[in-house]
Amino acid sequence: MNIKQRTIKAPVSISGSGLHTGEKVTLTFNPAPENHGYKFRRIDVEGMPIIDADCDNVTDTSRGTTLSQNGASVSTIEHVLAALVGLEVDNVLIDMDGPETPIMDGSSIQFVDAIRSAGFLEQEADREYYHIPYNIHYSEPDRKVEMVAMPLDDDYRFTCMVDYNSQVLGSQHASISSITEFVDDIASCRTFCFLHELEMLLKHDLIKGGDLNNAIVVVDKEVDQEELDHLAKLFNRKDISVAPQGILNNIELRHQNEPARHKLLDMIGDLALVGVPLRGHIMAARPGHAANVAFAKKIKMLIKKERSRKHFKIYDPGMKPVYDTVQIMEILPHRYPMLMIDKILELTKSHVVGLKNVTMNEGLFMGHFPGAPLFPGVLQIEAMAQTGGILVLNTVPDPQNYITLFLKIENARFKDKVVPGDTIIFHCNLIAPIRRGIAQMKGVGMVGERVVVEAELMAQIVKKTKTDEA
């Protein structure tokens with residue numbers, strides 16, 4: 001069953017102070033079109049630059065997750081994104097008139113309430129999930145961080161463990177068996193810090209927006225009344241004491257394992273930066289923003305590789321060709337040893353697919369790494385160019401009377417080795433209409449499902465002269 005994408009019905013705003021900057025900010029969720037995803041817009045910056053919620057745009061994870069793009073930044077975005085993922089909203093443009101999202105109560109629940117008040121709008125396009133295909137691992141041994149994404153076809157599940165060697169917190173676990181449990185079980189869980197961290201942050205003036213209403217403070221050391229009185233004065237409170245649970249009495253825990261649940265919340269928000277909704281089971285031990293983002297990048301890279309493979313049709317080398325070798329020689333002037341294409345498998349007005357069989361019998365292997373034969377990259381480009389030449393010459397009725405001159409080769413990349421026994425399939429696609437006999441093409445060479453070479457080519461066809469024919 002296909003699930004449709006959805007956005008919100010109307011804009012909705014929420015205001016508060018940034019935890020670290022202390023700046024007042026208004027954040028507005030706006031409806032967005034299909035396939036838009038999550039984007040932030042800094043409306044207080046000239047030109048109102050847009051920042052994509054993408055793990056490749058992460059520039060800092062020291063005290064929350066920060067994104068930067070187009071000369072602007074937004075920080076502490078994980079609680080906002082977690083709310084959107086938890087409510088299964090696909091497309092939203094998030095306006096902000098400051099650099100940091102409002103901390104609110106330190107959880108996602110007020111963002112959830114705002115989004116739900118706007119209502120949801122189902123869209124025409126289907127939601128395209130990425131299904132975790134096999135176990136994907138990430139680890140940081142020095143921090144004892146372990147993360148794994150496992151296949152799960154029909155839902156998005158999380159399991160999280162935290163352990164800070166704290167007698168107060170101990171080892172805590174949290175989990176949800178479905179993303180639909182987020183709103184009731186995870187969204188209201190607040191951020192936390194240890195008392196020694198709070199003191200360091202205060203000393204360096206790094207929590208200007210903190211007021212003890214938006215964080216659980218774990219007391220992990222002996223603390224005297226003088227220090228408690230000092231904290232009460234800093235936060236404009238009559239008094240502060242240590243509750244029986246080993247936390248400051250500024251707030252009461254909403255769940256016994258609220259810190260672990262909040263780490264799970266952060267993980268959901270940070271993994272939204274993969275850029276597509278996921279289907280799978282995420283398990284993590286001792287996660288943090290840096291590890292979450294690194295894990296998101298690993299998953300995104302896998303998605304990118306799989307999509308690049310799916311973009312290209314896999315051809316059967318034994319299929320009946322459009323042109324065989326003899327027919328190719330009637331079109332191209334090249335002859336042994338410079339004829340690099342054995343078959344043309346597909347040909348249209350905008351693309352061509354050619355085949356090159358690499359064999360040890362070719363003379364070049366006598367002098368090119370004879371002990372470990374590799375098909376030279378320069379000849380891979382030549383074979384790609386000849387394939388593209390067929391495409392360009394196909395635009396004239398008498399190709400035998402023309403030759404192809406290559407004017408430019410750009411962005412050539414050699415991604416994997418080619419050895420005797422390999423069959424390279426070259427795909428050349430026009431990237432602009434042919435004008436005045438000049439064609440611009442993107443070429444890709446593949447061995448099976450492996451991309452081995454790619455380049456952008458520019459070529460021109462010119463009519464043969466008597467000198468060319470001689």
Side-chain angles (χ1 to χ4, degrees), residues 13-30 37-86 92-112 114-115 187 189-193 197-198 200-211 213-216 262-263 265-275 287-297 300:
S13 297
I14 189 167
S15 299
S17 299
L19 174 62
H20 301 292
T21 62
E23 291 187 22
K24 295 289 184 181
V25 61
T26 296
L27 181 151
T28 302
F29 296 99
N30 296 288
Y38 308 142
K39 299 178 190 294
F40 292 87
R41 181 168 61 184
R42 285 289 303 277
I43 60 173
D44 60 320
V45 176
E46 184 178 355
M48 295 197 294
I50 288 178
I51 303 165
D52 294 329
D54 187 311
C55 54
D56 291 335
N57 290 333
V58 174
T59 51
D60 188 18
T61 54
S62 57
R63 299 186 307 276
T65 302
T66 298
L67 301 172
S68 301
Q69 190 181 17
N70 298 320
S73 296
V74 287
S75 60
T76 325
I77 49 86
E78 58 274 8
H79 301 169
V80 173
L81 295 182
L84 291 167
V85 174
V92 169
L93 176 62
I94 306 159
D95 283 340
M96 289 173 54
D97 61 2
E100 185 181 17
T101 65
I103 189 62
M104 309 312 292
D105 72 346
S107 77
S108 288
I109 193 64
Q110 287 162 289
F111 299 121
V112 166
I115 295 165
C189 296
R190 296 156 295 184
T191 192
F192 67 96
C193 69
E197 293 175 320
L198 176 66
M200 184 276 292
L201 292 168
L202 286 168
K203 182 179 178 181
H204 291 87
D205 203 24
L206 292 175
I207 50 170
K208 298 174 182 177
D211 65 358
N213 288 324
N214 46 35
I216 301 162
H262 184 80
K263 281 293 184 182
L265 183 156
D266 282 345
M267 201 162 43
I268 291 172
D270 286 334
L271 289 181
L273 300 173
V274 170
H289 293 301
N292 294 343
V293 171
F295 195 39
K297 288 182 177 181
K300 182 186 174 183

NZ on Lys297 to SG on Cys55, rounded to 0.5 Å: 6.5 Å
side-chain contact (heavy atoms from CB on, under 4.5 Å) between Met104 and Ile14, intermediate numbers included: CA-CA 9 Å; Met104 309 312 292; Ile14 189 167; 3.7 Å; yes
Rounded distance [0.5 Å steps], CD1 in Ile268 versus NZ in Lys263: 13.5 Å
Donor-acceptor contact present, side-chain Glu100 to main-chain Val74, <3.5 Å: no
Short side-chain to backbone donor-acceptor contact, Arg42 and Gly98, under 3.5 Å: yes
Heavy-atom closest pair, residues Pro102 and Phe111: O-CZ, 3.3 Å
Ser17 side chain to Lys24 backbone, donor-acceptor under 3.5 Å: no
Under 3.5 Å: donor-acceptor pair, side chain of Glu78, backbone of Thr65: yes
Least distance between heavy atoms, Asp105 atom then Arg190 atom: O-CG, 3.1 Å
Residue pair His79 / His262, side-chain heavy-atom distance below 4.5 Å: yes
Distance-only donor-acceptor check, side chains Asn30 and Asp95, under 3.5 Å: yes
Partner set under side chain to side chain contact (heavy atoms under 4.5 Å, CB included) for Ala294, not counting sequence neighbours: Tyr138
Separation of Leu84 CG from Phe29 CZ (nearest 0.5 Å): 5.5 Å
Straight-line distance of Thr61 OG1 to Asp266 CG, nearest 0.5 Å: 11.5 Å
Stepwise side-chain contact (heavy atoms from CB on, under 4.5 Å) test for Asp54 and Tyr38: CA-CA 9 Å; Asp54 187 311; Tyr38 308 142; over 6 Å; no
Candidate list Asp97, Thr26, Thr28, test side chain to side chain donor-acceptor pair (under 3.5 Å), partner Ser15, passing option: Thr26
Exercise: identify the closest heavy-atom pair between Lys39 and Asp52: NZ-OD1, 2.7 Å
Donor-acceptor contact present, side-chain Thr191 to main-chain Ser107, <3.5 Å: no
Min side-chain heavy-atom separation Leu273-Leu81 under 4.5 Å: yes
Asp56/Lys300 salt bridge by N-O under 4.0 Å criterion: yes
Contact summary for Leu67 and Ala53, nearest pair of heavy atoms: CD1-CA, 3.8 Å
Option among Asp60, Thr76, Asp270 that satisfies the side chain to side chain donor-acceptor pair (under 3.5 Å) test with His289: Asp270
Distance, nearest 0.5 Å, that separates CZ of Arg41 from CD1 of Ile51: 12.0 Å
Atom pair OG/CZ of Ser75 and Phe40 - distance to nearest 0.5 Å: 10.0 Å
For the student: nearest non-hydrogen atoms of Glu46 and Pro49, plus distance: O-CD, 3.7 Å
Heavy-atom check, side chain of Val80 versus side chain of Leu27, under 4.5 Å: yes
